[in-house]
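To keep things clear, I will list the structure first and then write my remarks on it.
For clarity, every value in this text was computed on a predicted model and none was experimentally measured.
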Amino acid sequence: MEKKKGRPRNVETQKAILAAAYHLLLETGFEAVTVEKIAERAKVSKATIYKWWSNKAAVVMDSFLSAASARLPVPDTGSVVDDIVMQVSNLAKFLTSQEGKVINELIAEGQFDLKLAEEYRVRYFYPRRLDSRHILERGVKRGELRKNLNIELAIDLIYGPLFYRLLITGETLDTCFIRNLIEYAFAGIEAKGV
């Protein structure tokens, strides 16, 4: 019989830790959250947290993702334009919500904390980017988009302006902006433009 490495995570303890980290994040911001404060609020030892997460950034990102992932479903309506409009609209609503504003803070903190930057890229942005890739690949397969589409560049073209407004100009991310953005982007990537 093979010996298992380490103890499995106790689901209730894990939920308590993630909930504590998430509520502290919303209440105080990333910089003020510490593993000590998470442990105190979750009523666990710091060792328990470090047994399952390598650092503060990892536990905070997991707490954020467990709370946020249900708010960003991947649409599949049969139309790449409708799917992207839905996904960008959901993302814009999320990014301007209280929880979404945490992403702004994490991006800002990530400029000084390389561990945090790596955590949010790997755990949050890369999976969201993969979702967008799948939507655009479906559009290519259905003949809605150019066969030779540079999907990575198309993702940057569609989502870059969202983050530019969010992080730089502070302008509104409303339905009109999203529709215009996608209309302009798709004028360049739709199959009929080939």
Side-chain angles (χ1 to χ4, degrees), residues 1-75 86-135 152 155-156 159-160 162-170 173:
M1 191 164 151
E2 240 182 293
K3 248 185 162 180
K4 289 184 180 177
K5 293 183 180 183
R7 290 174 43 195
R9 291 186 187 189
N10 175 302
V11 175
E12 292 307 312
T13 302
Q14 182 182 8
K15 284 182 183 176
I17 292 167
L18 292 175
Y22 183 67
H23 292 296
L24 283 167
L25 181 64
L26 291 182
E27 290 167 18
T28 65
F30 178 78
E31 192 174 336
V33 175
T34 64
V35 172
E36 291 81 11
K37 288 179 183 176
I38 296 169
E40 183 181 318
R41 184 165 293 191
K43 297 180 174 56
V44 300
S45 70
K46 288 187 335 185
T48 299
I49 294 172
Y50 283 121
K51 198 182 323 177
W52 296 330
W53 290 278
S54 59
N55 55 46
K56 171 182 102 167
V59 69
V60 168
M61 281 307 300
D62 275 357
S63 75
F64 180 76
L65 294 176
S66 70
S69 60
R71 293 176 179 84
L72 296 169
V74 181
M86 213 177 285
Q87 189 185 42
V88 172
S89 297
N90 288 340
L91 181 61
K93 284 178 197 160
F94 176 72
L95 290 173
T96 56
S97 71
Q98 181 184 359
E99 291 101 338
K101 289 179 182 171
V102 169
I103 285 290
N104 296 346
E105 184 179 347
L106 293 174
I107 291 170
E109 288 291 328
Q111 304 310 301
F112 307 101
D113 183 334
L114 297 180
K115 286 181 185 176
L116 175 61
E118 183 62 18
E119 292 293 337
Y120 72 64
R121 284 185 192 114
V122 170
R123 296 171 182 260
Y124 184 76
F125 286 105
Y126 294 159
R128 303 289 83 70
R129 192 170 180 93
L130 189 59
D131 292 343
S132 301
R133 173 176 258 294
H134 293 318
I135 291 171
E152 295 304 315
I155 291 169
D156 291 343
Y159 294 91
L162 203 64
F163 286 95
Y164 180 75
R165 277 197 172 203
L166 182 73
L167 299 170
I168 307 296
T169 69
L173 297 176

With rounding to the nearest 0.5 angstrom, report the CG to OH distance, Leu91 to Tyr159. 7.0 Å
For Leu18 and Ser63 the tightest heavy-atom approach is O-CB, 3.1 Å
Nearest 0.5 Å please: distance from the CD1 atom of Ile135 over to the CD1 atom of Ile155. 9.0 Å
Given Met61 and Phe30, is the side-chain contact (heavy atoms from CB on, under 4.5 Å) satisfied, shown in steps? CA-CA 10 Å; Met61 281 307 300; Phe30 178 78; over 6 Å; no
If you measure from the Lys or Arg side-chain nitrogens to the Asp or Glu carboxylate oxygens, is any gap between Glu27 and Arg41 under 4.0 Å? yes
For Phe125, does the CZ atom sit with more than 12 other heavy atoms under 6.0 Å from it, leaving out its own atoms? yes
Set of side chain to side chain donor-acceptor pair (under 3.5 Å) partners for Lys46, sequence neighbours left out: Glu36
Go through the steps for Gln87 and Asp131 under the test side-chain contact (heavy atoms from CB on, under 4.5 Å), then give the verdict. CA-CA 9 Å; Gln87 189 185 42; Asp131 292 343; 3.6 Å; yes
Partners of Pro127 by side-chain contact (heavy atoms from CB on, under 4.5 Å), sequence neighbours excluded? none
Can you confirm whether Phe163 sits close enough to Leu95 that some side-chain heavy atom of one is under 4.5 Å from a side-chain heavy atom of the other? yes
Considering all heavy atoms of both residues, which atom of Ala39 and which atom of Ser45 are nearest to each other, and what is their separation? CB-C, 4.0 Å
Give a yes or no answer on whether the side chain of Thr28 reaches the backbone of Leu25 with a donor-acceptor pair at less than 3.5 Å. no
Does anything in residues 116-127 form a side-chain hydrogen bond (donor to acceptor under 3.5 Å, both in side chains)? List the pairs, not counting sequence neighbours. Asp62-Arg123, Glu119-Arg123
Mind checking what makes side chain to side chain donor-acceptor pair (under 3.5 Å) contact with Glu152, not counting sequence neighbours? Arg129, Arg133
Residue pair Ala117 / Gly110: nearest heavy atoms and the distance that separates them: CB-O, 3.4 Å
Applying side chain to side chain donor-acceptor pair (under 3.5 Å) to Thr13 and not counting sequence neighbours gives Asn10
With sequence neighbours excluded, residues passing side chain to side chain donor-acceptor pair (under 3.5 Å) with Glu109: none
Using the ring of each side chain (for Trp, its six-membered ring), is Tyr22 parallel, tilted or perpendicular to Phe64, with breaks at 30° and 60°? tilted
Of all heavy-atom pairs linking Ala21 and Val59, the shortest is CB-O, 4.3 Å
Looking only at heavy atoms, which two atoms of Asn55 and Tyr50 are closest? And how far apart? CA-CE2, 4.2 Å
With no hydrogens and no angle check, is any side-chain donor or acceptor of Ser89 less than 3.5 Å from a backbone partner on Met86? no
Compare every heavy atom of Leu166 with every heavy atom of Thr96, then report the nearest pair and how far apart it is. CG2-CD1, 4.5 Å
Hey, is the main chain of Ala20 close enough, under 3.5 Å, to the side chain of Lys37 for a donor-acceptor pair? no
